[in-house]
Amino acid sequence: MADSLERDARKWIKVFREESGDGTSGAPALAERRDAIVRRTLTWWDRARRALAWRAAPGETPDPYRVWLSEVLLQQTTASAATPYYRTFVERWPTVERLAAAPMEEVISAFAGLGYYSRARNLHACAKAVAARGGRFPSEEAELRALPGVGAYTAAAIAAIAFDRRAAPVDGNIARIVARLTALETPIASSRKAIAAAARALAPDRRAGDFAQALMDIGATLCRPLTPDCPACPLSRDCLAFRSGAPETFPRKAAAKPKPKRIGAVFFAHRADGAFLARRRPPKGLLASTVELPGTVWTGEGPGTAWAEDAPIPARWRRLPGAVDQVFTHFALSLAVYAAPYAGGAPDSHFWVSRDAVAEAGFSNVMRKAVAHAIAARPE
DNA sequence: AAAGCGGGGGG
DNA sequence: CCCCCAGCTTT
C-alpha cells in the first residue's frame, strides 16, 4: 500500500516534470488530472478567495509595486501580521520612486516589529534599483531574481501575480500542498527540486498568478499543517495524502538533527557573607539582558569575557563536582562550575548578589541552576 | 517549547 | 550546492 502510494507520487512528479519540459511525452490521464486540479482550484478561488489588502479586485490590473511590496513583507510573515505594515507602506510611499527617495532610517523604522530587518535594507535597495530603470519592474523571472531581496520565490510570485506569466512560486503553503498531493515520502527540505518541478508542471498557461494565490489560500485556510480540512478542499479527490487516510502526517518531517553540544565554565566568587558576583548579559542575543555568573565563552560562541579584566584572579578556584546541563533550541549546554572566596570589590560591570536575593536577581533558568549547584556544594 | 518561514551569505 | 542564520508567530 505504502509502496504503491510512493510509486504514484514519484510518477506524478516525474510526469509533471516531463510535461513541464518539452511536452513531448504523452500521459493523457495525468494531464487530464492536472487540468482538473487547476480547474477545481480556480473555481474554488473565485468563490472563496481571501480579500487581502494587497490583492487587486477580480478583473483589475495588479500594480507590480504593490505585489512586490506585499511579497517582501510576507516573507517569513503571516498575512495578518503583514497587513498593517502593508497599509502603512503604501500610504506613505505610494510608488516605488517615492520609496526609493525615502531615507533608509525611515524605511527601517516602518519595518520595526516585523523581524528580519535585512528585508528592509534590501527593500530600499531594490526600490532604488527599480527607480533607476524608470520605475518599472521587470516582468521576467530571471531579471526579477537579480534584484536585491528577490529570491526564487519572490521572483516567481511577482512574474505570475503582477505579470500573468506562467511561473510557479513555491512558498511553505504550496510546498506542503504538493507534498500532500503526491504523498511525498521525503521531507520538504530535501525535495526542493522535485517540489518545484511538480509545481511548475501544475501551473496553468493562463491565470498562473491566480492559481498560485489560490494554492496559498488553500494552504492557509484548508490544507493547514496539523489540521487539514480535506472535506472542504477542492483538491482532496486528487490528493494521495488524503487517500492515504493520514493527510496530516505529510509532509514528512526530517529527523531532528542532534543538537550540537557546547561547553563552558562559570565562576562562583563568594564573599564571607555569602553574596557572590554576577553580571548582566548583552541586550542582544541568547538570554539577552539576563543576569549570569561570570564565565568562559561557551564553545561555538562568539567572543566574551571569562573573568573581569580588572579583577584579581582568585588563586583557589575549585572545580565543583558534577555539571549544570541545559538544552536550548539549537544546542545543549554543559557548564562546569568553579568556586572560590573573593575578598575584593565588585569589578567593572559586576555586582554582588546576596543569597536571599537570588530569586529576584534576574537569572536565566540555566544560571539559576548554576547558582543552586554552587550553593548546594557549600563552598567553604 | 518547538516548528515554520524566504533570502543571503558562507563553507 | 547545502547549511545556517535571523526574529517573530503560531501551535
Side-chain angles (χ1 to χ4, degrees), chain A residues 67-86 108-127 129 141-142 144-161 167-180 186-197 199 212 215-216 219-229 248-260 262 282-289 299-302 325-333 364-366:
Chain A
V67 173
W68 161 74
L69 175 61
S70 67
E71 289 300 340
V72 172
L73 293 176
L74 286 165
Q75 290 165 6
Q76 307 290 66
T77 308
T78 59
S80 68
T83 296
Y85 287 84
Y86 173 80
I108 304 277
S109 298
F111 231 91
L114 265 194
Y116 292 96
Y117 301 104
S118 63
R119 286 188 291 170
R121 189 169 40 79
N122 286 331
L123 187 81
H124 196 232
C126 184
E141 259 184 285
L144 286 162
R145 181 73 180 73
L147 294 169
V150 179
Y153 164 77
T154 308
I158 297 171
I161 298 170
V170 178
D171 71 348
N173 288 315
I174 293 177
R176 185 171 59 254
I177 290 172
V178 170
R180 284 181 174 160
T186 48
I188 285 177
S190 50
S191 317
R192 286 266 157 70
K193 292 182 72 168
I195 291 172
L215 290 182
M216 294 178 202
T221 65
L222 301 176
C223 196
R224 296 168 300 223
L226 298 181
T227 56
D229 185 0
E248 72 285 353
T249 64
F250 295 90
R252 299 304 197 208
K253 280 192 282 227
K257 63 175 174 192
K259 297 178 192 266
R262 292 180 180 179
K284 306 269 295 178
L286 188 77
L287 307 177
S289 298
T299 53
E301 285 243 312
D325 297 306
Q326 171 83 13
V327 179
F328 291 98
T329 316
H330 298 97
F331 62 94
L333 176 66
S364 58
N365 284 335
V366 61

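Naming: A, B, ... by sequence-line order, numbering from 1 per chain.
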K.L.:
Between A:I195 and A:V170, is any pair of side-chain heavy atoms under 4.5 Å apart?
P.N.:
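They are in contact (side-chain heavy atoms under 4.5 Å apart), so the answer is yes.
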K.L.:
Looking only at side-chain atoms of A:Y116, point me to the closest of C:dA6, B:dG7, C:dC8.
P.N.:
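Among C:dA6, B:dG7, C:dC8, the one nearest the side chain of A:Y116 is C:dA6.
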K.L.:
For A:L73 and B:dC5, give me the distance from atom CG to atom C1', rounded to whole Å.
P.N.:
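After rounding, the reported distance stands at 15 Å.
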K.L.:
Working note: A:Q75 + A:Y153, criterion side chain to side chain donor-acceptor pair (under 3.5 Å); need CA distance, chi angles, decisive distance, verdict.
P.N.:
CA-CA 9 Å; A:Q75 290 165 6; A:Y153 164 77; over 6 Å; no
K.L.:
Does A:R192 put a side-chain nitrogen or oxygen below 4.0 Å from OP1 or OP2 of C:dC1?
P.N.:
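Looking at the OP1 and OP2 atoms of C:dC1, neither is under 4.0 Å from any side-chain N or O of A:R192.
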K.L.:
Return no unless some side-chain N or O of A:T78 is found under 4.0 Å from OP1 or OP2 of B:dC5.
P.N.:
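The answer is no; no side-chain N or O of A:T78 sits under 4.0 Å from OP1 or OP2.
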K.L.:
Specify the residue among A:L226 and A:G115 whose closest nucleotide of DNA chain C lies further upstream toward the 5′ end.
P.N.:
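First, find each residue's nearest nucleotide; the 5'-ward one identifies A:G115.
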K.L.:
Where the side chain of A:N122 is concerned, which of B:dG8, C:dG7, C:dT10 is the nearest nucleotide?
P.N.:
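From the listed options, B:dG8 comes nearest.
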K.L.:
Go ahead and name the base partner of B:dG6; Watson-Crick or wobble counts if both distances stay under 3.5 Å, otherwise write none.
P.N.:
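Pair assignment: B:dG6 / none.
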K.L.:
Taking CE from A:M216 and P from B:dG6, how many angstroms apart are they, rounded to a whole number?
P.N.:
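So the CE-P distance, A:M216 to B:dG6, works out to 9 Å.
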K.L.:
Above 12 or not: heavy atoms from other molecules or residues under 6.0 Å from CZ of A:R192?
P.N.:
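Not buried by this count: 12 neighbours or fewer within 6.0 Å.
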K.L.:
Please give, in whole Å, the distance from C:dT9 C1' to A:Y85 OH?
P.N.:
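After rounding, the reported distance stands at 12 Å.
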K.L.:
Go through B:dG7, C:dT9, C:dG7 for me and flag the one nearest to the A:Q76 side chain.
P.N.:
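The answer is C:dG7.
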K.L.:
Could you tell me the separation between the CZ atom of A:R121 and the P atom of C:dG7, rounded to a whole number of Å?
P.N.:
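So the CZ-P distance, A:R121 to C:dG7, works out to 11 Å.
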K.L.:
Against the six-membered ring of A:F250, is A:R252 placed for a cation-pi contact (under 6.0 Å from the centre, within 45° of the normal)?
P.N.:
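The answer is yes, since A:R252 meets both limits relative to A:F250.
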K.L.:
Which of the following nucleotides, C:dG7, B:dG6, B:dG8, is nearest to the side chain of A:Y117?
P.N.:
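Of all the options, the side chain of A:Y117 is nearest to C:dG7.
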K.L.:
Has A:S80 got a side-chain N or O lying under 4.0 Å from the OP1 or OP2 atom of C:dT10?
P.N.:
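Looking at the OP1 and OP2 atoms of C:dT10, one of them is under 4.0 Å from a side-chain N or O of A:S80.
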K.L.:
How far, in whole Å, is C:dT11 from B:dG6 if one measures between their P atoms?
P.N.:
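Comparing P positions in B:dG6 and C:dT11 gives a spacing of 15 Å.
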K.L.:
Distance between the P atoms of B:dG11 and C:dA6, in whole angstroms?
P.N.:
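Roughly 15 Å separates the two P atoms.
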